[in-house]
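These figures come from a predicted structure and were not determined experimentally.
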Amino acid sequence: MSSSGGVDRIDRERALELIESARRGDRGAFGEIAELYRARLLALIGSRMGRGVRQVLDPEDVLLETFARSWELFARFQWRGQDSFFRWLSAIAEHLVLKASQKSARTPLALDRDVAADGISPSRALRRDERFERLEESLRSLPPDQRQAIQLARIEGLPVREVAKRMHKSPDAVKKI
């Protein structure tokens, strides 16, 4: 499973196996399936939090509280397909964000209809995360040398000579990888 927080494309049987193990009290199985949704859930939480809430609460704190609450409430979870766990986590997270926004509301909010969005939209953020997850999945499927070369050259932005040096290969060999 990915430690980067991306949703791995796991098959239905594996997901159900993790759910059943978690129902029997296996925190590791719960942690494994929760970690699959970490990045996507954090993006959702960030998109739901207003400025007032962000001043008093970090999205990561809401994420951790969501996982803690979902573990406590796990007996109530019902599997209804591949995305049902994410939808369930989302509902818990949104409840926590709503509760936090009610606590942080010191003055009534005035909504401006023509306010430009600062940053990307939640749907665009989710699409970006999904593309990133597909990229991670593709990278994982590559042989180790190719994966390392791409990591060093494209992600870390190192020149070919530095990549070759770190991989203990000639620059020409790296270019052929």
Side-chain angles (χ1 to χ4, degrees), residues 1-105 119-148 150-151 154-156:
M1 302 288 160
S2 172
S3 61
S4 65
V7 177
D8 286 341
R9 302 293 179 218
I10 59 174
D11 60 32
R12 176 183 167 89
E13 291 78 26
R14 179 66 180 143
L16 286 170
E17 179 183 304
L18 289 170
I19 296 290
E20 289 309 312
S21 292
R23 283 191 198 282
R24 291 189 300 272
D26 182 348
R27 283 182 181 258
F30 178 82
E32 189 175 336
I33 198 163
E35 185 63 27
L36 295 174
Y37 297 98
R38 181 182 186 81
R40 188 172 166 202
L41 188 59
L42 188 58
L44 176 95
I45 290 168
S47 72
R48 298 293 196 264
M49 291 177 71
R51 283 186 217 163
V53 177
R54 285 180 191 227
Q55 290 176 349
V56 295
L57 190 61
D58 186 80
E60 188 77 30
D61 293 335
V62 176
L63 178 74
L64 295 175
E65 180 67 20
T66 299
F67 287 144
R69 291 277 174 91
S70 60
W71 174 250
E72 292 169 5
L73 300 170
F74 196 68
R76 296 182 188 176
F77 171 70
Q78 293 183 5
W79 176 264
R80 291 189 178 121
Q82 188 68 20
D83 227 19
S84 62
F85 189 69
F86 178 75
R87 287 191 307 270
W88 184 69
L89 287 172
S90 297
I92 294 170
E94 288 178 350
H95 174 75
L96 291 171
V97 168
L98 177 63
K99 217 166 92 175
S101 67
Q102 289 169 345
K103 282 183 182 178
S104 72
I120 61 174
S121 70
S123 61
R124 184 174 283 180
L126 284 174
R127 285 192 306 269
R128 181 193 62 210
D129 288 345
E130 288 169 354
R131 284 192 311 270
F132 186 72
E133 291 161 9
R134 286 193 304 271
L135 174 62
E136 284 181 319
E137 187 175 319
S138 296
L139 285 173
R140 279 192 301 277
S141 70
L142 293 174
D145 278 352
Q146 287 180 346
R147 187 171 45 244
Q148 184 181 14
I150 290 171
Q151 171 75 30
R154 298 294 184 202
I155 298 172
E156 293 183 26

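- The two residues Asp58 and Met49 make their nearest non-hydrogen contact at C-CE, 4.2 Å.
- Applying the salt bridge (charged side-chain N to carboxylate O under 4.0 Å, His left out) test to Arg23 and every residue at least two apart in sequence or in another chain returns Glu20.
- Atom CG of Leu96 sits about 4.5 Å away from atom OG1 of Thr66, to the nearest 0.5 Å.
- When all heavy atoms are compared, the tightest approach of Ala93 to Val62 is O-CG1, 4.2 Å.
- Remark: Phe67 engages no residue in a ring pair (Phe, Tyr, Trp, His ring centres under 6.0 Å) (not counting sequence neighbours).
- Identified under the salt bridge (Lys or Arg N to Asp or Glu O under 4.0 Å) test for residues 61-76, with sequence neighbours left out: Glu65-Arg69.
- Under the rule for a salt bridge (charged side-chain N to carboxylate O under 4.0 Å, His left out), the partners of Asp145 that lie at least two apart in sequence or sit in another chain are Lys169.
- For Ala29 against Ala22, the heavy-atom pair with the smallest separation is CB-N, 3.9 Å.
- Sequence neighbours left out, the pairs with a member in residues 17-36 that pass ring-ring contact (aromatic ring centres under 6.0 Å, His included) are Phe30-Trp71, Phe30-Phe74.
- Applying the side-chain contact (heavy atoms from CB on, under 4.5 Å) rule to Leu142 yields the partners Leu139, Gln146, Arg147, Ile150; only residues at least two apart in sequence or on another chain are considered.
- A search for side-chain contact (heavy atoms from CB on, under 4.5 Å) contacts involving Ser90 returns Leu41, Leu44, Phe86, not counting sequence neighbours.
- Legend: residues meeting side-chain contact (heavy atoms from CB on, under 4.5 Å) with Ser84, ordered by chain and number and at least two apart, are Phe77, Trp79, Arg80, Arg87.
- Remark: Leu42 pairs with Pro59, Glu60, Leu63 by the side-chain contact (heavy atoms from CB on, under 4.5 Å) rule, at least two apart or across chains.
- The shortest heavy-atom contact between Phe85 and Ile19 is CD1-CD1, 4.1 Å.
- Glu32 CD to Arg14 CZ: the interatomic distance, rounded to the nearest 0.5 Å, is 4.5 Å.
- Every residue two or more places apart in sequence or in another chain was checked for a salt bridge (charged side-chain N to carboxylate O under 4.0 Å, His left out) with Asp26, and none qualifies.
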